[in-house]
Amino acid sequence: MMNQKHVCILAISDVHSRSLWDYYDRSKLRDVDLIISCGDLDSDYLQFLVTMTNVPLLYVHGNHDQHYAHRAPEGCINIEDRVYTHQGIRILGLGGSVKYKDGPHQYSQTQMIFRMYSCMAKIAFHGGIDILVTHAPAVGINEGDSHVHAGFRAFNVLLNKYKPKYFLHGHVHLDGYSLDRVSQWGDTMVINAFESYQFDY
């Protein structure tokens with residue numbers, strides 16, 4: 001990995017932050033260098049944030065982001081199934097949830113394993129990953145108590161094999177589950193990006 005300067009990252013997911021949208025104040029985000037969306041947010045919200053901050057906004061799809069097919073968030077960067085590099089930070093995106101009904105951005109465990117394997121050559125080309133960005137959690141890490149909010153085994157494989165510094169996910173709402181915002185899995189700091197969370201890389 002290349003030498004990096006301090007990077008301030010805003011992770012967002014699932015619900016709009018009234019503090020950032022309804023009561024927006026430019027000073028709240030003046031230190032942010034990068035925004036990462038973990039899914040289930042309106043295009044208008046993402047477009048607003050990328051316009052007002054003028055920093056890159058990366059996103060993956062949540063299970064409720066069907067509207068992106070007709071109107072993707074302009075000015076934002078889709079990192080699904082790719083490794084995106086920002087100031088030397090290697091970021092892999094794998095959106096979607098465990099399949100619980102018919103619809104886009106939902107996958108079986110086997111389908112997500114295949115998506116993971118399709119990214120292996122890209123990860124190898126970049127020499128690994130520093131941040132894993134998903135919508136759903138991993139198995140045994142911040143899962144909900146229903147099939148809808150279950151985690152993917154493929155993410156555990158990626159965490160154990162590549163040991164990224166951070167794992168960002170959404171999908172499991174912190175206002176509905178008593179879970180930690182930040183936790184540790186081996187060498188990786190796990191962050192539930194529900195609503196918004198700002199941290200320094």
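Predicted model, so just to flag it, every value in this text is computed and none were measured.
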> Are F152 and F155 close enough that their ring centres sit under 6.0 Å apart?
yes

> CD/Q198 to CD1/I12 distance, rounded to the nearest 0.5 angstrom?
12.0 Å

> Of all heavy-atom pairs between A11 and F199, which one has the smallest distance, and what is that distance?
CB-CE2, 4.3 Å

> Please step through side chain to side chain contact (heavy atoms under 4.5 Å, CB included) for the pair S97 and H105, ending with a clear verdict.
CA-CA 7 Å; S97 73; H105 312 308; over 6 Å; no

> To the nearest 0.5 Å, what is the distance between OG on S37 and CG on L49?
9.0 Å

> If you group Ile, Leu, Val, Met, Phe, Trp and Tyr by side-chain heavy-atom gaps below 4.5 Å, do L159 and L179 land in one group?
no

> Taking atom CZ of R115 as the centre, does the number of heavy atoms from other residues, nucleotides or ligands within less than 6.0 Å exceed 12?
yes

> Can you check side chain to side chain contact (heavy atoms under 4.5 Å, CB included) on C119 and M116, steps first, answer last?
CA-CA 5 Å; C119 294; M116 176 194 72; 6.0 Å; no

> Indicate whether the side chain of K28 and that of S19 have a donor and an acceptor atom separated by less than 3.5 Å.
yes

> Do S13 and F194 come close enough that some side-chain heavy atom pair is under 4.5 Å?
no

> With the side chain counted from C-beta on, respond yes when L158 and P164 share a heavy-atom pair under 4.5 Å apart, and no when they do not.
no

> So do the side chains of K101 and Q106 get within less than 4.5 Å of each other, counting heavy atoms only?
yes

> What is the distance from atom CD1 of I9 to atom CG of L34, rounded to the nearest 0.5 Å?
5.0 Å

> Test of understanding: clusters of I, L, V, M, F, W, Y form through side-chain heavy atoms closer than 4.5 Å, transitively. Do V7 and I129 belong to the same one?
no

> Can the positive tip of R90 be found less than 6.0 Å from the middle of the six-membered ring of Y84, inside 45° of the ring normal?
no

> Tell me, do I191 and Y166 make a side-chain contact under 4.5 Å, heavy atoms counted?
yes

> According to a hydrophobic-cluster definition based on side-chain heavy atoms being under 4.5 Å apart (Ile, Leu, Val, Met, Phe, Trp, Tyr only), do L10 and F48 belong together?
yes

> Evaluate the side-chain proximity of Y117 to I113: yes if any heavy-atom separation is below 4.5 Å, no if none is.
yes

> Surrounding NZ of K122 (heavy atoms of other residues, nucleotides or ligands, distance under 6.0 Å), is the total greater than 12?
yes

> Kindly give the heavy-atom pair with the smallest separation between Y45 and S17, and that separation in Å.
OH-N, 3.1 Å

> Verify whether one side chain among H149 and E143 offers a donor that lies under 3.5 Å from an acceptor in the other.
no

> Would you tell me whether R181 and Y197 have side-chain atoms, one donor and one acceptor, within less than 3.5 Å of each other?
no

> When you measure from the side chain of H86 to the backbone of I91, do you find a donor-acceptor pair of N or O atoms at a distance under 3.5 Å?
no

> Would you confirm whether D65, through its side chain, and G62, through its main-chain N or O, come within 3.5 Å as a donor-acceptor pair?
yes

> Membership question, hydrophobic clusters at under 4.5 Å side-chain separation (ILVMFWY): are V182 and W185 in the same one?
no

> Closer than 4.0 angstrom, basic N to acidic O: yes or no for R71 and D42?
no

> Membership question, hydrophobic clusters at under 4.5 Å side-chain separation (ILVMFWY): are V148 and I141 in the same one?
no

> Any donor-acceptor pair under 3.5 Å linking the side-chain atoms of H135 with those of D40?
yes

> Under a plain distance cut-off of 3.5 Å, with no hydrogens placed, do N63 and Y100 share a side-chain donor-acceptor pair?
yes

> Can you check whether M120 reaches Y162 side chain to side chain, under 4.5 Å on heavy atoms?
yes

> Please name the residue in the list I123, I131, D130 that meets the side-chain contact (heavy atoms from CB on, under 4.5 Å) test with V83.
I123

> For D200, does the CG atom sit with more than 12 other heavy atoms under 6.0 Å from it, leaving out its own atoms?
yes

> If you round to the nearest 0.5 Å, how far is CG of D187 from CZ of F167?
15.0 Å

> If we ignore hydrogens and angles and just use 3.5 Å, is the side chain of T85 paired with the main-chain N or O of G88 as donor and acceptor?
no

> Tell me the closest heavy-atom pair linking Q109 and R153, and the distance in Å.
OE1-N, 3.0 Å

> Work out which heavy atom in A150 is nearest to a heavy atom in P137; give both atom names and the distance.
O-CD, 3.9 Å

> Starting from the C-alpha separation in whole Å, work towards a yes-or-no answer on side chain to side chain contact (heavy atoms under 4.5 Å, CB included) for L92 and H126.
CA-CA 10 Å; L92 172 66; H126 287 85; over 6 Å; no

> Just how far is it from atom CD of E195 to atom CG of D14, taken to the nearest 0.5 Å?
10.0 Å

> Can you check whether L58 reaches I35 side chain to side chain, under 4.5 Å on heavy atoms?
no

> Is there a side-chain contact between V60 and I79 in this structure, where contact means two heavy atoms from C-beta onward sitting under 4.5 Å apart?
yes

> What about F114 and Y107, are their ring centers closer than 6.0 Å?
no

> Could you go through the side chain to side chain contact (heavy atoms under 4.5 Å, CB included) check for K165 and T188 one step at a time?
CA-CA 5 Å; K165 188 174 180 69; T188 302; over 6 Å; no

> Output the distance between atom SG (C38) and atom NE2 (H171), rounded to the nearest 0.5 Å.
12.0 Å

